[in-house]
Number of protein chains: 2
Amino acid sequence: MAHPKQLDPAGIVQTAVKLLEEEGPEGLSLRAVAKRLGVKAPSLYNYFADKSALERAVIAEGQRLLLEFVRGRARKPREPGLAIREMASAYVKFARLRPALYFFVMHHAVPDADATPAGKELWRLLLDRVGGITANGDDTSGAVAVWAFLHGFTVLEHSGRFGRSGPREGFERGLRALISGL
Amino acid sequence: MAHPKQLDPAGIVQTAVKLLEEEGPEGLSLRAVAKRLGVKAPSLYNYFADKSALERAVIAEGQRLLLEFVRGRARKPREPGLAIREMASAYVKFARLRPALYFFVMHHAVPDADATPAGKELWRLLLDRVGGITANGDDTSGAVAVWAFLHGFTVLEHSGRFGRSGPREGFERGLRALISGL
DNA sequence: GTCTATACTCTGATAGAC
DNA sequence: GTCTATCAGAGTATAGAC
């Protein structure tokens with residue numbers, strides 16, 4: 001056989017994610033992805049219409065992994081304050097473990113970005129945990145406030161603007177304030 | 001005279017900022033900046049060692065403009081809750097008016113990014129407003145919490161993830177919770 | 001379905017004439 | 001101090017052979 005290499009969309013996405021995390025968003029080129037797969041760049045066009053299609057798939061995969069991670073760590077205890085705390089901790093922890101992937105997801109978010117199943121589920125999970133403390137099962141504005149804080153904290157922490165203890169203490173205080181004040 | 005065009009660093013930075021805001025961060029190339037100035041790209045190397053030097057200057061200018069804007073809008077009323085509200089409103093308003101510049105500043109932040117005079121002043125202003133409500137003049141963690149919320153909200157709002165009223169209401173609720181809970 | 005080959009455009013950066 | 005000319009490389013994407 002002439003060209004025994006067999007590709008598939010899932011494998012390409014997985015390779016793209018790995019490349020993204022090792023080389024950063026600038027390093028995510030079709031040439032580089034193809035090279036890792038032992039293939040030439042044009043071959044990828046058999047599976048993705050263009051680069052942005054591959055990027056969208058990477059974003060969807062990132063959301064899926066984030067959801068999986070948060071779900072696995074944030075069981076739902078009886079105490080609502082504890083439940084939202086666990087969710088929040090899991091969220092920022094994922095961003096600490098896989099910053100490149102996390103920021104790729106958040107930066108490339110387009111209007112439909114959360115229309116993926118994982119994106120919707122994440123939002124549902126957030127609404128549930130916020131609802132636990134505000135007794136409102138569909139508390140959009142409360143969820144926005146908490147999500148804003150979690151993402152903003154993640155950005156500041158990742159920017160290296162502070163020493164070690166600075167930002168983490170801010171996390172505790174901000175989260176406590178939101179829980180008691182919402 | 002052969003080449004009467006006279007450049008200067010400040011004018012180059014100003015042109016770079018304008019280009020950034022009109023074409024986005026991808027459009028910020030040395031060639032494009034030079035073209036707007038009616039000059040060829042190599043000439044810029046007489047004023048900036050390389051592209052990243054120009055980028056740093058753009059970031060510093062962005063911080064300066066942000067500080068100027070926030071200072072102009074956030075006088076310091078007697079009531080501490082009002083004072084921090086005005087600061088917060090001015091912050092997110094700037095990001096709404098000049099999103100490309102704001103995000104360029106925040107995304108390219110490196111450890112020394114806030115070592116510019118404007119960056120330090122912004123931090124001082126934030127500490128002051130937070131100190132007004134927590135009676136702690138050097139409340140680092142409180143300032144981190146508020147900044148995280150403001151930036152995170154800005155990102156979510158700019159991402160277009162929500163309808164019109166959704167995120168703004170979240171701003172009110174989150175800010176109120178932080179003010180009362182910190 | 002993968003390949004080679006190529007077209008095209010863009011980038012940052014440098015050398016040397018004027 | 002600005003220019004022309006050029007380098008060396010990146011990128012996405014397409015055509016057509018096998």
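Convention: sequence-line order gives letters A, B, ...; per-chain numbering from 1.
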Please report, rounded to the nearest Å, how far the [atom2] atom of [N] is from the [atom1] atom of [X].
X	N	atom1	atom2	value
A:F48	C:dT2	CZ	C1'	16 Å
A:E55	D:dA13	CD	C1'	15 Å
A:K40	C:dT6	NZ	C1'	15 Å
A:K35	C:dT2	NZ	P	19 Å
B:Q6	D:dT2	CD	C1'	9 Å

Distances under 3.5 Å only, N/O to N/O: pair up the protein atoms with those of nucleotides 11-15 of chain C.
from: C:dT11; atom 1: OP1; to: B:S29; atom 2: OG; distance (Å): 2.8
from: C:dG12; atom 1: OP1; to: B:K51; atom 2: NZ; distance (Å): 3.1
from: C:dG12; atom 1: OP2; to: B:L30; atom 2: N; distance (Å): 3.1
from: C:dG12; atom 1: N7; to: B:R31; atom 2: NH1; distance (Å): 2.7
from: C:dG12; atom 1: O6; to: B:R31; atom 2: NH2; distance (Å): 3.3
from: C:dA13; atom 1: OP2; to: B:Y45; atom 2: OH; distance (Å): 2.9
from: C:dA13; atom 1: OP2; to: B:K51; atom 2: N; distance (Å): 3.0
from: C:dA13; atom 1: O5'; to: B:Y45; atom 2: OH; distance (Å): 3.2

Classify the ring geometry of A:H107 against A:F103: parallel below 30°, tilted from 30° to 60°, perpendicular beyond 60°.
tilted
Which label fits B:Y102 and B:F94: parallel for a plane angle under 30°, tilted from 30 to 60°, or perpendicular past 60°?
perpendicular
Using every non-hydrogen atom in the two residues, find where A:F149 and A:G170 come nearest and quote the distance to one decimal.
CZ-O, 3.8 Å
Is A:E79 atom CD crowded by more than 12 heavy atoms from other residues, nucleotides or ligands, each under 6.0 Å away?
yes
Heavy atoms from other residues, nucleotides or ligands near CZ of B:R96 exceed 12 (cutoff 6.0 Å)
yes
Between residues 7-16 of chain A and DNA chain C, which residues have a heavy-atom gap below 4.0 Å?
A:L7
Do B:R85 and B:S89 meet the criterion of a side-chain donor-acceptor pair at a distance under 3.5 Å?
no
Check residues 36-43 of chain B and write down every donor-acceptor pair under 3.5 Å in which the side-chain atom is one partner and the other belongs to a residue at least two apart or another chain.
from: B:R36; atom 1: NH1; to: B:E22; atom 2: OE1; distance (Å): 3.0
from: B:R36; atom 1: NH2; to: B:E22; atom 2: OE1; distance (Å): 2.8
from: B:S43; atom 1: OG; to: B:K40; atom 2: O; distance (Å): 3.3

A:K76 with A:E86: basic N within carboxylate O range, under 4.0 Å:
no
